[in-house]
> 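Take a look at this one; I'll ask things after.
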Amino acid sequence: MKSTILAFGALASGVAAFPTFLDDLQKSSGNEKRVLGVAPGFNAQAQYVSNTGAHAFVPPNFAAGDARGPCPGLNAMANHGYLPHNGVGSHLDFIQGTLDVFGMAADLSGFLTVLGATLDGDGLSWSIGGPEPSALSLGGLLGEPQGISGSHNKYESDASPTRGDLYQVGDDYKLQMSQWQDLYARGQANGDSYDLDVLTEFRSARWDQSLNNNPYFFNGPFTGVLVAPAAYEFIYRFMGNKSAENPEGLLNGDVLMSFFAMTKNADGSFTHTPGNERIPDNWYKRAIGDEYSIPFLTLDTVSAALKYPKFLSVGGNTGTVNSFVGVQPENITGGVYSAKTLTQGNNLACFSMQFVAQAAPDLIKGSGVISNVAGALSSLTGAVSTAISGLSCPQLTKIDQSQFAQFPGYSKMKPDGTY
Ligand code: HEM
Ligand SMILES: *[C@@H]1O[C@H](CO)[C@@H](O)[C@H](O)[C@H]1NC(C)=O
Ligand SMILES: *[C@@H]1O[C@H](CO)[C@@H](O)[C@H](O)[C@H]1NC(C)=O
């Protein structure tokens, strides 16, 4: 662990230190062990997550400009002082915070934070909610960073667990009560347990709701194939309470409510307080050495897709409900990936992450925020190549998005992310 802390220091000094830092951590991320199916073990002292003292719950002050958005994990971290309370953080804040609170491996958090800063931030920092004054800056800014609430189709996806589809409900970050009630009821029917099976069934139902109700439903190669499944899998993998009896975690309704800022009323209805996501009392994170990594996320995502192959369909509705047209991965990648090879090895993560790296120049220029496009791109390319370095990915050197023009959920979006 010592070398990890040293490497964190190196990271703080600049983006260039990034790849080395990730290499170090990847070696100690415990992936090989998990892939071999070894049980994680439990150490109460090391896994207990404090929610008192310096980490006591402090609700956001929206009037004072605090940002909270679509991600309950990040909102809870900011409410408990594991991220800056205003909701704008640097790479170091996100990597350290997600490790300390949830046990997210640095290959995954490193990739996610660089992407956040590149697509939705100022290159070095980003907001977990809407637009925020820039904290740092990569060589001057041309516009205001929009944060992850304003990142539909770049980061944020349709068919999310509790958040609505942007073009259907008008925003993509507020909790929709009907979706929450559906999720809550499913785990109650499963003996007060929210496991991956419950979440996969819920996701299938949410997919069908988007398909049947959102004429602009769009499932993108990165947002739909990697971010959307992560949003479901994170619920069990990160929110579950780990213990000696349940080292992989047990997620019950009370813990779920706490992380989703919910209270239950006497009549069985719920009250939601936006932005008030809380770390429960006496709650334990993932085992040390069992951090949740990209290969781990890939395994979970592939097993969900083997159950519901529709999850891997890149494409969307064409302007009316239930009009989904799929685009073959071959057509997007010049034949490098196919529907068949996507579920093999780490190809799913390879495809998604390489796609977003290829799409990034247009996204960065389109959003018109970062003036140093080359600098932002090189940090993103570096983070992607580090994140996929151990995954034996095929080489993807260009993408073709021309067939996406038929999907209004993709083409309707203006380059700056608004519509
Ligand atoms: C740097 C790390 C992270 C980034 C950049 C990030 C970003 C995001 C984004 C952009 C979304 C919206 C995706 C969508 O449209 O569905 C999201 C949703 C979500 N995130 Fe995170 N996240 C991070 C870490 C975490 C952690 C540690 C947790 C732990 C519980 C978490 C749990 C979730 C969940 C459950 C959702 C789905 C919310 C819903 O629709 O109900 N995330 N996150
Ligand atoms: C987590 O599990 C431990 C052991 O079963 C238990 O004592 C603790 O109360 C649980 N925490 C939550 C928040 O449910
Ligand atoms: C898509 O790929 C198929 C075969 O994989 C090919 O026949 C077709 O011409 C391609 N279409 C386009 C628009 O590239």
Side-chain angles (χ1 to χ4, degrees), residues 42 44 47-49 51 69-77 82-83 89 91 93-106 108-121 126-129 147-166 172-176 179-180 182-183 192 194 199 202-203 206 210 220 222-224 226-247 249-262 277-286 291-292 297:
F42 181 71
Q47 290 174 241
Y48 168 70
V49 178
N51 64 353
C71 180
L74 299 175
N75 290 353
M77 285 164 56
Y82 290 101
L83 280 178
H91 294 319
D93 294 329
F94 286 104
I95 293 170
Q96 184 80 65
T98 53
L99 178 68
D100 289 349
V101 179
F102 290 107
M104 183 185 276
L108 182 54
S109 60
F111 167 70
L112 293 177
T113 185
V114 171
L115 204 61
T118 316
L119 301 183
D120 312 324
W126 51 280
S127 154
I128 66 174
I148 57 172
S149 294
S151 71
H152 183 61
N153 277 353
K154 291 191 284 183
Y155 222 143
E156 197 284 326
S157 73
D158 284 338
S160 306
T162 71
R163 273 57 178 170
D165 288 4
L166 177 62
D172 58 12
Y173 57 89
K174 287 186 192 144
L175 180 138
Q176 300 300 316
Q179 292 170 216
W180 160 262
D182 185 5
L183 169 60
D192 193 22
Y194 298 76
L199 292 162
F202 177 51
R203 183 172 168 217
R206 287 283 306 123
S210 289
F222 171 66
T223 52
L226 202 62
V227 180
Y232 289 84
E233 289 147 15
F234 284 6
I235 293 176
Y236 172 72
R237 293 299 188 189
F238 286 134
M239 295 180 183
N241 179 39
K242 317 309 182 278
S243 63
E245 313 86 79
N246 294 292
L250 174 70
L251 178 57
N252 66 23
D254 286 344
V255 171
L256 187 76
M257 283 197 290
S258 177
F259 276 120
F260 274 93
M262 281 288 174
E277 291 81 359
R278 291 178 91 120
I279 299 172
D281 293 338
N282 204 14
W283 180 83
Y284 299 85
K285 68 167 176 169
R286 302 182 64 80
E291 285 74 28
Y292 195 70
L297 169 65

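Both ligands and their constituent atoms are indexed starting at 1 by order of listing. Please read all numbers here as calculations on a predicted model, not as lab measurements.
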> Just by modelled atom types, is the Gly249 backbone N or O under 3.5 Å from a matching donor or acceptor in the Tyr236 side chain?
yes
> Tell me, which protein residue and heavy-atom name are nearest atom 27 (C) of ligand 1, and how many Å apart are they?
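The closest heavy atom on the protein side is Phe102 CD1, 3.4 Å.
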> Does any N or O of ligand 1 fall below 3.5 Å from an N or O anywhere on Ser157, backbone included?
yes
> Going from CG on Leu83 to CG on Asn75, what distance comes out if it is rounded to the nearest 0.5 angstrom?
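Separation between the atoms: 9.5 Å.
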> Heavy atoms only: which of Cys71, Gly73, Ala117, Ala76 is nearest to atom 42 (N) of ligand 1?
Cys71
> Among protein heavy atoms, which sits nearest to atom 19 (C) of ligand 1, and what does the distance come to when rounded to 0.1 Å?
Pro72 CD, 3.8 Å
> Of the protein's non-hydrogen atoms, which lies at the shortest distance from atom 2 (C) of ligand 1, and what is that distance?
Leu112 CD1, 3.8 Å
> May I ask you to check whether Trp126 has an N/O atom sitting below 3.5 Å from an N/O atom of ligand 1?
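Such a contact does not occur with ligand 1.
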> Please report which non-hydrogen protein atom sits nearest to atom 13 (C) of ligand 1, along with the residue it belongs to and the distance in Å to one decimal place.
Val227 CG1, 3.8 Å
> Under the ring pair (Phe, Tyr, Trp, His ring centres under 6.0 Å) rule, what do Tyr284 and Phe42 come out as? Steps first, then yes or no, please.
CA-CA 9 Å; Tyr284 299 85; Phe42 181 71; 5.5 Å; yes
> Could you say whether the N/O atoms of Glu156 and ligand 1 ever approach to under 3.5 Å?
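Yes, there is a polar N/O contact under 3.5 Å.
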> So do Asp93 and Trp126 actually touch side chain to side chain, heavy atoms under 4.5 Å?
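When only atoms from C-beta onward are counted, Asp93 and Trp126 do not touch, as no gap falls below 4.5 Å.
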> Contact between Leu175 and Met262 at the side-chain level, heavy atoms closer than 4.5 Å - yes or no?
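In short, these two side chains touch, coming nearer than 4.5 Å.
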> Looking only at protein heavy atoms, which one is nearest to atom 30 (C) of ligand 1, and how far off is it?
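Looking at atom 30 (C) of ligand 1, the protein heavy atom closest to it is Phe238 CB, 3.6 Å.
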> Under 30°, 30 to 60°, or over 60°: which ring-plane class applies to Phe259 and Trp283, parallel, tilted or perpendicular?
perpendicular
> Check each atom of ligand 1 against the heavy atoms of Ile235 and keep those under 4.0 Å away; list them by number with element.
35 (C)
> Can you list the ligand 2 atoms lying under 4.0 Å from a non-hydrogen atom of Val255?
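Listed by number with element: 13 (C), 14 (O).
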> For ligand 1, indicate whether the residue Met104 contacts it via side chain, backbone, both or neither (heavy-atom separation under 4.0 Å).
side chain
> One residue to check: Phe111. Relative to ligand 1, which of side chain, backbone, both or neither has a non-hydrogen atom less than 4.0 Å away?
neither
> What atoms in ligand 2 come closer than 4.0 Å to a heavy atom of Glu245?
4 (C), 5 (O)
> Is Gly116 near ligand 1, meaning one of its heavy atoms is under 4.0 Å from it?
no
> Determine whether the aromatic ring centres of Phe102 and Phe234 lie less than 6.0 Å apart.
no
> Do Phe94 and Leu112 come within less than 4.5 Å of each other through their side chains, counting heavy atoms only?
no
> Could you see which bit of Phe260 sits under 4.0 Å from ligand 1, with heavy atoms only: side chain, backbone, both or neither?
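Just the side chain.
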> Tell me, which protein residue and heavy-atom name are nearest atom 4 (C) of ligand 1, and how many Å apart are they?
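Among all protein heavy atoms, the one nearest atom 4 (C) of ligand 1 is Leu74 CD1, 3.7 Å.
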> Kindly identify the option in Phe259, Tyr236, Phe234 whose heavy atom sits closest to atom 26 (C) of ligand 1.
Phe234
> Provide, to 0.1 Å, the distance between atom 9 (O) of ligand 2 and the closest protein heavy atom, together with that atom's residue and name.
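Atom 9 (O) of ligand 2 sits closest to the protein heavy atom Asn282 ND2, 3.3 Å.
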> Between Ser258 (side chain) and Arg278 (backbone), is there a donor-acceptor pair under 3.5 Å?
yes
> Are Asn51 and Asp281 close enough that some pair of their side-chain heavy atoms sits under 4.5 Å apart?
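A side-chain contact exists here, since the closest heavy-atom pair is under 4.5 Å.
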> Evaluate Ser160 for polar contact with ligand 1, using N/O atom pairs at a separation under 3.5 Å.
yes
> Tell me the protein heavy atom at minimum distance from atom 2 (O) of ligand 2, and give that distance in Å.
Asn241 ND2, 2.3 Å
> Among all protein heavy atoms in this structure, tell me which lies nearest to atom 13 (C) of ligand 2, with the distance rounded to 0.1 Å.
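Ranked first by proximity to atom 13 (C) of ligand 2 is Asp281 O, 3.2 Å.
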> What residue and atom, counting heavy atoms only, is the protein's closest point to atom 37 (C) of ligand 1, and at what distance?
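The closest heavy atom on the protein side is Ala231 CB, 3.6 Å.
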> What's the shortest distance from atom 9 (C) of ligand 1 to any protein heavy atom, and which residue and atom give it?
Ile148 CD1, 4.1 Å
> Checking the side chain of Asp165 only, and the main-chain atoms of Asp158 only, is there a donor and an acceptor separated by less than 3.5 Å?
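Between the backbone of Asp158 and the side chain of Asp165 there is no qualifying donor-acceptor contact (under 3.5 Å).
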> To check you understand the geometry: which heavy-atom pair defines the closest contact between Val101 and Lys285, and what is its length?
O-CB, 3.2 Å
> Please verify whether a non-hydrogen atom of Trp180 lies at under 4.0 Å from ligand 1.
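It does not, in that no heavy atom of Trp180 comes within the 4.0 Å cut-off of ligand 1.
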